[in-house]
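These numbers come from the heavy atoms of this one structure, side chains and all, not from hydrogens, waters or symmetry mates. Throughout, protein chains are lettered first and strands after them, A, B, ... in sequence-line order, and every chain is numbered starting at 1.
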Number of protein chains: 2
Amino acid sequence: MNEEAARRRVTVHDVARAAGVSLATVDRVLNGRPGVRAATAEKVGEAIAALGFSRDLNASLMARARDLKVVFFIPDGGNEFMDSLAEAVERRVGSALADRMHLSTRRIRALDTGALAAGLDGLDPAHCDCAVIVTSEEPEIVAAVDSATRRGIAVMTLVSDLPGTSRQHFIGIDNVAAGRTAASLLGRFLPQGGTVAVIAGSLHLRDHAERLEGFRSVLERDFSQVTLLGPYESHDNPETTQSLATELVDKQTQLSAIYNLGAGNAGLVSALEASDRVGEVRVIVHELTAPTRRGLLSGAIDVVLDQNPDGEIREAVTAARVLALGPGRAFATHPIEIGIFLRDNLR
Amino acid sequence: MNEEAARRRVTVHDVARAAGVSLATVDRVLNGRPGVRAATAEKVGEAIAALGFSRDLNASLMARARDLKVVFFIPDGGNEFMDSLAEAVERRVGSALADRMHLSTRRIRALDTGALAAGLDGLDPAHCDCAVIVTSEEPEIVAAVDSATRRGIAVMTLVSDLPGTSRQHFIGIDNVAAGRTAASLLGRFLPQGGTVAVIAGSLHLRDHAERLEGFRSVLERDFSQVTLLGPYESHDNPETTQSLATELVDKQTQLSAIYNLGAGNAGLVSALEASDRVGEVRVIVHELTAPTRRGLLSGAIDVVLDQNPDGEIREAVTAARVLALGPGRAFATHPIEIGIFLRDNLR
DNA sequence: CATTGTCTGAGGTACGTGCCTCATGACCTA
DNA sequence: TAGGTCATGAGGCACGTACCTCAGACAATG
């Protein structure tokens, strides 16, 4: 009780004293400013490690004149999940402001690589400390990310990663695990066996391909009684999804289940509700949105696997806060959990 | 772009000017100190609302000399979930410290109402800003909570709520929904029907009773092909659970599933692994701990419903930070989601 | 030796709030 | 009317970091 009261917070002053340098030098090292010899910087680094110094986030954000600015680039164009991501950002604007952080959103036409790259290139480091992007793997984007990083803007990827670039952090679920989970559930739903149709948006999308991979592997390993049909490609389009699903449900009378690992669920729900097999065909889809919520409630959908947009945005904001206080800081990355929703635990 | 640069942060100075009072008075109102006429306090409140003032959390925590102290009272005595809660607190100590918060844990012998009440009564407001407790509903505790609140200590309940008291906040899952979810999954696992045995810790525990209620209602409503056996009471004891499970699995050859809505899963897993029916009997339990994780991996357990200790502790810490800056502040309470784990999405 | 450049120290102000002291005026009571 | 309490104002220091200026030390270069 006494010892904890006596143990003062370790400050930059302590670091300076321990390293035998001045406050200014510690400051230069901490904030990556020039004018410090490598040997001196190392002395400071050792003192920091020895004392277990950790920068006071509150004081740090206080001291900088301007708020921390974070820009989210989120795809636009009818994908409900992306909309819910944008809404999650909005929901956090208020509390972030109380934490001296300014969040803003830019919607980019889906798959418009050029627009996203231009957006990144146009970012002024004075007006943006951190950019969060949702993108597929394109050389144009890779170049833009590296350029932004060089200009001092921390870039983080959301939902789908961009490995091998200078992006500081990735936030998203483990899509292979998501696919495995879908298979694990469907396998248990069909103890007598049956046929499962798989619909994907596009197998060129990294996350979709990963989900399919996980789904396939578990089905083959643990549930040989279940037969896989597909994958069919919907290009995440509700109309395409609807006609695909209609055909599957109507013509494949022996169809036991559908796993849609892409978007376009509004069409899927319409197709199912128009058929007479609601409740007979087991359905697993991704992302809790208005149409999938409706599907859960009507019984057309059995399970929704969810990326938890609010959790992802919270994580992004926390990470941005840490990243802005000096790049290269290692920090514990809490993986986003896959949410599993049935009608009975809808939030 | 220009407008946002021009819009300065609203500070206490602005509030003072708008209300036509001095800084000291605004401060007295904000921090609930005496010496302000009701009429004056109201003027200040109006100015705060008009300007949309929100206290700067960073500056606030900076200004108070001592760190924010939060004490967690967590039951002790062999319950793995409670252990994992305590571990979750430990994991957060470091990052909380960087945020000027000091977390500590006190283990209280499970169900020892007197010890918990004494612990609460012994809290000195100078050494504790917020207490977080896990408890059942007992008059002794209710009195201790109210007393602590009067002394200026914010109290929050974790896992199981204490409605009708002066507790500031509850953090936990919706246990009725958890029970419904278990039924919803088991019903789909047993399309041909079967018998489900239910094991509870004690039906006097609010959370257990709620889970049973949810489980029963969905089974009756949606899955009449499934028959319910029990509930049996294990008192959350692994040995009792083991002998119960052994008897159920061995004697009830027609048993299709087990739902353990209480603790003591180490015994359940042992019983199942000792039997020859692993993989035949569907098993759903609560709380992701060492034994249940092992059960998932071995195939003895199909699904674990989880309270997400890390999420709960994170939420508690965030709430404590806000609460300490003045009681009665309304803040958005993010419900804790029920985690659903299969072998394939183990984190 | 003078000049130039690089590295470092000393010290200051600022951020927004918490918390303290002291002074002042208003109002009440004896 | 004197002495008391209460509400409020004025002002200042502190928290730990960011960021600025200025001066001095030193080495290398001409």
Sequence neighbours excluded, every pair satisfying salt bridge (charged side-chain N to carboxylate O under 4.0 Å, His left out) that has a member inside [range]:
| range | answer |
| --- | --- |
| residues 26-40 of chain B | B:Asp27-B:Arg33 |
| residues 156-169 of chain B | B:Asp161-B:Arg167 |
| residues 150-159 of chain B | none |

Quiz item: Within the side chain of B:Ser147, is there an N or O that forms a donor-acceptor pair under 3.5 Å with the backbone of B:Ala143?
Solution: no
Quiz item: Under 3.5 Å, is there a donor-acceptor pair between the side chain of B:Ser60 and the main chain of B:Asp56?
Solution: no
Quiz item: Out of D:dG16, D:dA18, C:dT17, which nucleotide sits closest to the side chain of A:Leu30?
Solution: D:dA18
Who pairs with [X] by side-chain contact (heavy atoms from CB on, under 4.5 Å), at least two apart in sequence or on another chain?
| X | value |
| --- | --- |
| B:Ala47 | B:Val15, B:Ala18, B:Ala19 |
| B:Ala88 | B:Arg91, B:Pro309, B:Asp310, B:Ile313 |
| B:Glu46 | B:Glu42 |
| A:Ser136 | A:Glu138, A:Leu205 |

Just how far, in rounded Å, is [atom2] of [N] from [atom1] of [X]?
| X | N | atom1 | atom2 | answer |
| --- | --- | --- | --- | --- |
| B:Arg55 | D:dC15 | CZ | C1' | 16 Å |
| A:Leu23 | D:dC15 | CG | P | 14 Å |
| B:Arg17 | D:dG9 | CZ | C1' | 16 Å |
| A:Met62 | C:dA14 | CE | P | 13 Å |
| B:Asp56 | C:dG18 | CG | P | 9 Å |
| B:Phe53 | C:dG16 | CZ | C1' | 8 Å |
| B:Leu68 | C:dT17 | CG | P | 17 Å |
| A:Asn31 | D:dG16 | CG | C1' | 13 Å |

Exercise. Find the bend of the helix from C:dC1-D:dG30 to C:dA30-D:dT1 as the angle between its two terminal axes (five pairs each), to the nearest 10°.
Key: 40°
Name the pairs: protein N/O against N/O of nucleotides 20-27 of chain D, kept only if under 3.5 Å.
none

Please determine whether a side-chain nitrogen or oxygen atom of [X] lies at a distance below 4.0 Å from atom OP1 or OP2 of [N].
| X | N | value |
| --- | --- | --- |
| A:Ser22 | C:dG9 | yes |
| B:Ser60 | C:dG18 | yes |
| B:Thr25 | D:dA7 | no |

Quiz item: How far apart are the closest heavy atoms of A:Val89 and A:Leu103, and which atoms are they?
Solution: O-CD1, 4.2 Å
Quiz item: Of all residues at least two apart in sequence or in a different chain, which pass the side chain to side chain donor-acceptor pair (under 3.5 Å) check with A:Thr149?
Solution: A:Ser166
Practice problem: Just jot down the side chain to side chain donor-acceptor pair (under 3.5 Å) partners of B:Asp112, sequence neighbours excluded, or say none. | Solution: B:Arg109
Quiz prompt | Close residues, residues 36-47 of chain B, relative to DNA chain D [heavy-atom separation under 4.0 Å] | solution = B:Val36, B:Arg37, B:Thr40
